[in-house]
Structure formats: C-alpha cells, structure tokens
Amino acid sequence: MVKEDCPCKKKSCERHGNCDACKAYHAESKRKRPCERKKKAFLSIKHRTD
C-alpha cells in the first residue's frame, strides 16, 4: 500500500509511503511505526459567553 500522505517524518527513507514494506522491515521492533500510532487530540479551548 502506497500512501501519498505518509505520516513518517523520514522523507528520504526508501520505504516512505509504502506501509507494507515499512511494517515488514520493522517487524521485530516493539515500537509502533508512525502510521500505526493514534493521533493525539489537540486541546480545544471553549469560548465563554458570559
């Protein structure tokens, strides 16, 4: 699978955008790849209208 919007910051990586190749290459790693991580929700500020 090739992703145009690959979340990996290593643009020069030969597997950039190719999630299947990246997962296969890092199969032994315990760390999650950027495409496997959940995005953190940004804090939202609610405006008070008093």
request  = Sequence neighbours left out, what passes side chain to side chain contact (heavy atoms under 4.5 Å, CB included) with Ser12? Give chain and number order.
outcome  = none
task = Apply side chain to side chain contact (heavy atoms under 4.5 Å, CB included) to Lys32 and list each qualifying residue two or more places apart in sequence or on a separate chain.
result = Glu36, Arg37
ask   = Where is the tightest heavy-atom contact between Cys6 and Gly17, given as atom of each residue plus distance?
value = SG-N, 3.4 Å
inquiry  = Looking at every heavy atom in both Lys10 and His16, which two are closest together, and how far apart are they?
reply    = O-CD2, 3.3 Å
note = The reported gap from CG in Asn18 to SG in Cys13 (rounded to nearest 0.5 angstrom) is 9.5 Å
